[in-house]
Visitor: 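Please find one structure pasted underneath; my questions will follow.
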2 protein chains.
Amino acid sequence: MPARILVAEDDLKQAELIRRYLEREGHLTVVVHDGRAAIDEARRRSPDLLVLDVMMPKVDGLDVCRVLRADGEVPIIMLTARSTEDDLLLGLDLGADDYLTKPYNPRELVARVRTVLRRTRSRAEGQVYRVGELEIDPIRHEVRLAGRLVEVTPAEFKILACLAASPGRAFSRQQLLEHAFGFDHYVFDRTIDVHVMNLRKKIEPSPGTPAYLKTVYGVGYKLADATTVVASDAP
Amino acid sequence: MPARILVAEDDLKQAELIRRYLEREGHLTVVVHDGRAAIDEARRRSPDLLVLDVMMPKVDGLDVCRVLRADGEVPIIMLTARSTEDDLLLGLDLGADDYLTKPYNPRELVARVRTVLRRTRSRAEGQVYRVGELEIDPIRHEVRLAGRLVEVTPAEFKILACLAASPGRAFSRQQLLEHAFGFDHYVFDRTIDVHVMNLRKKIEPSPGTPAYLKTVYGVGYKLADATTVVASDAP
DNA sequence: CGGAGCGGTGAAGAACCTGTGAAGGAGCCG
DNA sequence: CGGCTCCTTCACAGGTTCTTCACCGCTCCG
């Protein structure tokens with residue numbers, strides 16, 4: 001499973017070393033050299049993982065961590081030269097998923113990366129997604145509406161789970177095909193429409209004016225998030 | 001030994017902090033933010049441990065404790081802001097296995113978790129899995145249906161035990177092969193079908209419409225859990 | 001207001017999935 | 001060695017689901 005990893009490290013040689021090791025593992029990396037850029041790139045790309053040096057120009061690694069933690073949940077591995085327990089705890093408190101103290105063995109980093117990725121991935125599969133009265137449980141492979149079980153087909157489930165993982169986010173049909181069925185799935189993307197229609201028949205109180213599965217004209221589909229569902233109750 | 005831990009804490013930051021610390025220990029966590037969800041998830045997943053904040057919206061932590069204690073024996077660690085002896089005693093009376101008063105050191109929590117798990121695991125060794133009238137006893141290597149011994153083959157037993165360890169969870173055929181027979185077991189995964197069919201003949205009242213060994217179309221199989229068995233009695 | 005493009009929908013064949021009987025073969029035990 | 005149980009594979013049937021296509025109504029925008 002290749003991951004998209006953002007590396008923030010001001011020492012060019014170190015950065016290059018890290019990049020090499022990660023790419024040898026098959027990951028896709030983007031490298032930046034200061035805290036400001038780290039924040040920008042992390043926001044723009046939402047990578048699967050951020051490898052973050054603590055001491056960096058412009059914005060300190062700890063601050064990067066704080067900022068990013070405030071607006072999302074990118075997994076973060078911190079690299080720190082200092083090794084006092086206080087710093088360590090501070091890093092974890094700020095939301096780092098793991099940390100390494102310099103000097104470290106690059107292969108150690110690769111191992112930690114693997115661990116954190118496995119953790120965050122299994123976490124994503126373990127959570128039950130809830131939107132309004134709708135529940136999607138990937139472990140049990142069940143969909144419930146107001147507690148009542150709803151029968152859905154495999155394709156419908158995949159699409160719904162993909163949408164539910166990021167409520168409110170609009171997906172193009174192509175993205176849904178890729179995320180839900182895998183990259184090398186050569187099908188006409190209007191197929192998604194049919195599955196969405198069938199889903200609506202099953203989970204929407206009135207399929208004509210969907211409360212959950214929203215159409216984003218010219219783009220694709222999205223699952224209404226809590227805000228939207230509530231808002232539509234009292235417009 | 002990684003454990004599956006349910007964390008119920010309404011403060012998002014606190015919850016995230018706890019999750020991180022527990023996952024760094026190698027545990028699998030699922031996080032919920034209110035008492036209602038805590039009860040639902042605890043029932044659905046039967047986690048190895050519940051970390052439970054006392055003050056929570058919808059349903060109070062103490063009530064969650066009371067409810068769960070009534071229908072099972074999930075180990076519980078309570079987190080409480082109040083520190084009067086009354087609350088403490090109340091918590092323990094209600095069946096918490098341990099408690100921590102805020103503010104607490106996260107590492108203290110990790111230590112308590114370790115202790116409680118050690119304690120409950122020795123208690124849980126040789127646990128008999130029960131689903132409806134079905135009992136699977138890994139120690140005695142026996143399967144009983146309504147108290148009557150059912151003869152099953154080794155392969156059938158492994159599959160059934162694997163399913164019974166996580167009732168309600170859907171397993172792919174590949175997962176069943178791996179979990180039940182080991183990783184380097186290169187067999188055609190449809191073999192699982194044959195074993196399931198033979199199991200059904202032995203334990204299902206009417207193998208045509210199975211009550212225990214459910215097919216998850218396009219995915220694999222699952223063992224119905226209490227919820228599902230009850231639900232199918234009164235649709 | 002009109003046109004171009006986009007999404008909704010029903011139908012139908014293709015593709016896929018599971019249940020099941022049968023058969024070959026491995027391992028075990030007397 | 002013979003007989004037994006068990007595991008695995010295979011092939012086919014029957015049912016379910018996926019995909020495509022064609023057509024229509026709707027939306028957006030000039």
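Naming convention: chains lettered A, B, ... in sequence-line order (proteins, then strands); numbering from 1 in each chain.
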Visitor: What do the steps show when you test A/Arg130 against B/Glu41 for salt bridge (charged side-chain N to carboxylate O under 4.0 Å, His left out), and what is the final call?
Guide: CA-CA 12 Å; A/Arg130 287 169 216 277; B/Glu41 290 300 303; 2.7 Å; yes
Visitor: Any side-chain N or O of A/Thr215 less than 4.0 Å from the OP1 or OP2 oxygen of C/dG7?
Guide: no
Visitor: As a test of reading the structure: which of D/dT9, D/dC7, D/dT20 is closest to the side chain of A/Thr191, going by heavy atoms?
Guide: D/dT20
Visitor: Separation of B/Asp189 atom CG from C/dG19 atom P, in whole Å?
Guide: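 From B/Asp189 CG to C/dG19 P: 13 Å.
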Visitor: Could you tell me whether A/Lys158 and A/Glu156 have a side-chain N and a carboxylate O separated by less than 4.0 Å?
Guide: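 No salt bridge links A/Lys158 with A/Glu156.
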Visitor: What is the nucleic acid contact for A/Lys201, judged by heavy atoms within less than 4.0 Å: base, sugar-phosphate only, or nothing?
Guide: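 Since only primed, P, OP1 and OP2 atoms lie under 4.0 Å of A/Lys201, the category is sugar-phosphate.
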Visitor: What is the separation between atom OH on B/Tyr221 and atom P on C/dT18, rounded to the nearest whole Å?
Guide: 7 Å
Visitor: Report the relative orientation of the aromatic rings in A/His179 and A/Phe171; use parallel for angles under 30°, tilted for 30 to 60°, perpendicular for over 60°.
Guide: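 Judged by the thresholds at 30° and 60°, the geometry between A/His179 and A/Phe171 is perpendicular.
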Visitor: When the distance from CG of A/Asp193 to C1' of C/dC6 is rounded to whole Å, what number comes out?
Guide: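 About 9 Å, once rounded to whole Å.
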Visitor: Counting just side-chain N and O atoms, does A/Thr153 come under 4.0 Å of either OP1 or OP2 of D/dC18?
Guide: yes
Visitor: Please report the distance, rounded to the nearest Å, between NZ in A/Lys214 and P in D/dT27.
Guide: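 It is 14 Å, rounded to the nearest whole Å.
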Visitor: May I ask you to say what A/Phe188 touches in the nucleic acid, namely base, sugar-phosphate or nothing, with a heavy-atom cut-off under 4.0 Å?
Guide: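 Sugar-phosphate, no base atom in range.
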Visitor: Check every strand shown and say whether A/Phe157 touches a base, only sugar-phosphate, or nothing at a heavy-atom separation below 4.0 Å.
Guide: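 Touches nothing.
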Visitor: Looking at B/Glu25 and B/Arg114, is any side-chain nitrogen of the basic one under 4.0 Å from a carboxylate oxygen of the acidic one?
Guide: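 Salt bridge present between B/Arg114 and B/Glu25.
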Visitor: Would you tell me if any nitrogen or oxygen in the side chain of B/His195 comes within less than 4.0 Å of OP1 or OP2 on D/dC6?
Guide: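 For D/dC6, OP1/OP2 do not have a side-chain N/O of B/His195 under 4.0 Å.
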Visitor: Test for a donor-acceptor pair under 3.5 Å between the base of C/dG19 and the side chain of B/Arg190, counting only N and O atoms.
Guide: yes
Visitor: For B/Val194, answer base if it contacts any base atom (sugar-phosphate contacts may also be present), sugar-phosphate if it contacts only those atoms, and nothing otherwise; contact means non-hydrogen atoms under 4.0 Å.
Guide: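 Result for B/Val194 = base.
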Visitor: Send over the distance from B/Arg200 CZ to C/dG21 P, rounded to a whole Å.
Guide: 13 Å
Visitor: Ignoring backbone atoms, establish whether A/Tyr217 has a side-chain N or O less than 4.0 Å from OP1 or OP2 of D/dC29.
Guide: no
Visitor: From CE of B/Met197 over to P of D/dC10, roughly how many Å is that when rounded to an integer?
Guide: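 Computing the B/Met197:CE to D/dC10:P distance gives 16 Å.
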Visitor: According to a strict under-4.0 Å criterion, is A/Tyr186 in side-chain N/O contact with OP1 or OP2 of D/dC18?
Guide: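 Result: no.
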Visitor: Let's go through B/Arg19 and B/Glu16 carefully: what are the C-alpha distance in whole Å and the side-chain angles of both, what is the deciding distance for salt bridge (charged side-chain N to carboxylate O under 4.0 Å, His left out) to 0.1 Å, and is it a yes or a no?
Guide: CA-CA 5 Å; B/Arg19 189 178 64 62; B/Glu16 186 61 14; 2.4 Å; yes
Visitor: Hey, which sits more toward the 5' end of DNA chain C by its nearest nucleotide, A/Gly220 or B/Arg173?
Guide: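 Nearest nucleotide further toward 5': that of A/Gly220.
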Visitor: Rounded to whole angstroms, how far apart are CG on B/Leu177 and C1' on D/dT8?
Guide: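 After rounding, the gap between these two atoms is 11 Å.
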Visitor: Could you tell me the separation between the CD atom of B/Glu156 and the P atom of D/dT8, rounded to a whole number of Å?
Guide: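 Distance, rounded to whole Å: 11 Å.
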